[in-house]
Novice: 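The structure under discussion is supplied below as structure tokens; questions concerning it will follow.
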Number of protein chains: 2
Amino acid sequence: MGVPLYQAKAEFFKTLAHPARIRILELLSERDHAVHELLEEIDIEPSNLSQQLAVLRRTSMVVSHRSGGEVVYSVSVPEVRDLLLAARTILAGLIAVQGELESELAPSHRP
Amino acid sequence: MGVPLYQAKAEFFKTLAHPARIRILELLSERDHAVHELLEEIDIEPSNLSQQLAVLRRTSMVVSHRSGGEVVYSVSVPEVRDLLLAARTILAGLIAVQGELESELAPSHRP
DNA sequence: ATCCAACATGAAGACATTCGCAAGTCATGT
DNA sequence: ACATGACTTGCGAATGTCTTCATGTTGGAT
């Protein structure tokens with residue numbers, strides 16, 4: 001087994017632990033986007049967006065190339081879409097679990 | 001679409017962005033573990049483990065119950081296992097992509 | 001060819017959050 | 001009551017985020 005394996009996994013999730021970066025990946029999993037297109041959708045400062053893109057580039061989750069005057073980004077691994085979907089499923093499950101725990105602690109719907 | 005949705009997803013990934021917590025979830029996805037059992041496998045301070053368990057409890061990803069003198073933890077949503085698996089797959093893909101990029105940038109590096 | 005405007009990235013700073021170690025608290029079983 | 005195991009709290013250190021300013025690049029206008 002690789003020694004720093006859990007570290008690598010943690011780093012991977014860490015790159016996903018930001019609203020803007022998730023938003024970027026969701027947009028890119030639909031189709032490629034230029035930077036100014038992302039800017040119109042995400043509503044953050046250009047330099048901030050560039051920073052988040054740099055994080056995603058550093059981990060090779062996205063790649064960029066120039067096309068005329070603009071820079072176009074695309075996801076490097078298509079399975080990213082599956083991961084975001086799986087996360088959504090679990091998130092829904094977690095909300096359900098939280099609801100159960102809540103009603104257990106406050107049994108207002110029990111006769 | 002829910003407005004603070006990306007925030008919720010980011011929080012979710014943030015709870016996964018830690019080596020110890022990933023390790024915990026992997027162990028718990030195999031079978032339930034008591035705290036002292038986790039301690040034997042993970043090699044961190046007890047107080048630190050307790051902190052990480054608290055984080056996982058706060059997000060309802062794990063649940064705990066007393067059984068005699070021990071406290072036993074278990075995952076609350078079984079799909080967590082699927083997520084960890086998906087993450088592993090993507091991680092392997094990313095490493096492959098990184099290898100490609102590396103050989104593109106330094107073609108003479110590899111014979 | 002030169003200049004200009006829009007686009008994209010980078011660096012440095014203040015600011016907030018998180019991590020890990022240390023002690024202390026609480027509960028349980030013998 | 002004692003001992004053990006589990007959990008919380010507080011503080012310094014480290015990390016991450018966002019804003020401001022500066023740099024570089026492309027394409028078109030003068």
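Both backbone and side-chain heavy atoms feed into the values below; hydrogens, waters and symmetry mates do not. Below, read A as the first sequence line, B as the second, and so on, with proteins coming before strands; counting in each chain starts at 1.
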Novice: Whole Å only: how far is the CG atom of L16(A) from the P atom of dG16(D)?
Specialist: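 Atom CG in L16(A) sits about 14 Å away from atom P in dG16(D).
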Novice: Rounded to whole Å, please give me the gap between CG in L53(B) and C1' in dT8(D).
Specialist: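 Rounded to whole Å, this separation is 13 Å.
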Novice: Indicate for each nucleotide in nucleotides 17-30 of chain C, in 5' to 3' sequence, whether protein heavy atoms under 4.0 Å reach the base (B), only the sugar-phosphate (S), or nothing (-).
Specialist: --SBBBB----SS-
Novice: Measure from CD1 on I44(B) to C1' on dA6(D) and round the result to the nearest Å.
Specialist: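 Distance, rounded to whole Å: 14 Å.
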Novice: How many whole angstroms separate atom CD1 of I22(A) from atom C1' of dT17(D)?
Specialist: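 After rounding, the reported distance stands at 15 Å.
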Novice: Expressed as a whole number of angstroms, how long is the span from I42(A):CD1 to dC18(D):C1'?
Specialist: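 One finds 15 Å between C1' of dC18(D) and CD1 of I42(A), rounded.
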Novice: I need the CD-C1' distance between E70(A) and dT25(D), as an integer number of Å.
Specialist: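 Rounding to the nearest Å, CD of E70(A) and C1' of dT25(D) are 14 Å apart.
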Novice: Do the non-hydrogen side-chain atoms of L28(B) and V80(B) ever get within less than 4.5 Å of each other?
Specialist: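 No, every pair of side-chain atoms sits at 4.5 Å or beyond.
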Novice: Check whether any side-chain heavy atom of L83(B) sits under 4.5 Å from a side-chain heavy atom of F12(B), and report yes or no.
Specialist: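 Counting from C-beta outward, L83(B) and F12(B) do come under 4.5 Å.
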Novice: State whether H36(A) places a side-chain N or O below 4.0 Å from either non-bridging phosphate oxygen (OP1 or OP2) of dA8(C).
Specialist: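 Yes.
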Novice: For the residue pair I24(B) and L49(B), establish whether any side-chain heavy-atom pair is separated by less than 4.5 Å.
Specialist: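 In contact.
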Novice: If you define the side chain from C-beta out and look only at heavy atoms, does anything of V35(A) sit under 4.5 Å from Y73(A)?
Specialist: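 Answer yes - side chains close enough.
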Novice: How close or far is atom C1' of dC7(D) from atom CZ of R57(B), stated in whole angstroms?
Specialist: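 Answer to the nearest Å: 7 Å.
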Novice: Expressed in angstrom and rounded to an integer, what is the separation of Y73(A) atom OH from dC7(C) atom P?
Specialist: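 Distance check: Y73(A) OH to dC7(C) P gives 15 Å.
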Novice: Quick one: does K9(B)'s side chain get under 4.5 Å of L91(A)'s, heavy atoms only?
Specialist: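 A side-chain contact exists here, since the closest heavy-atom pair is under 4.5 Å.
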Novice: Does some side-chain heavy atom of E37(B) sit less than 4.5 Å from a side-chain heavy atom of R31(B)?
Specialist: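 Yes; the side chains approach each other to less than 4.5 Å.
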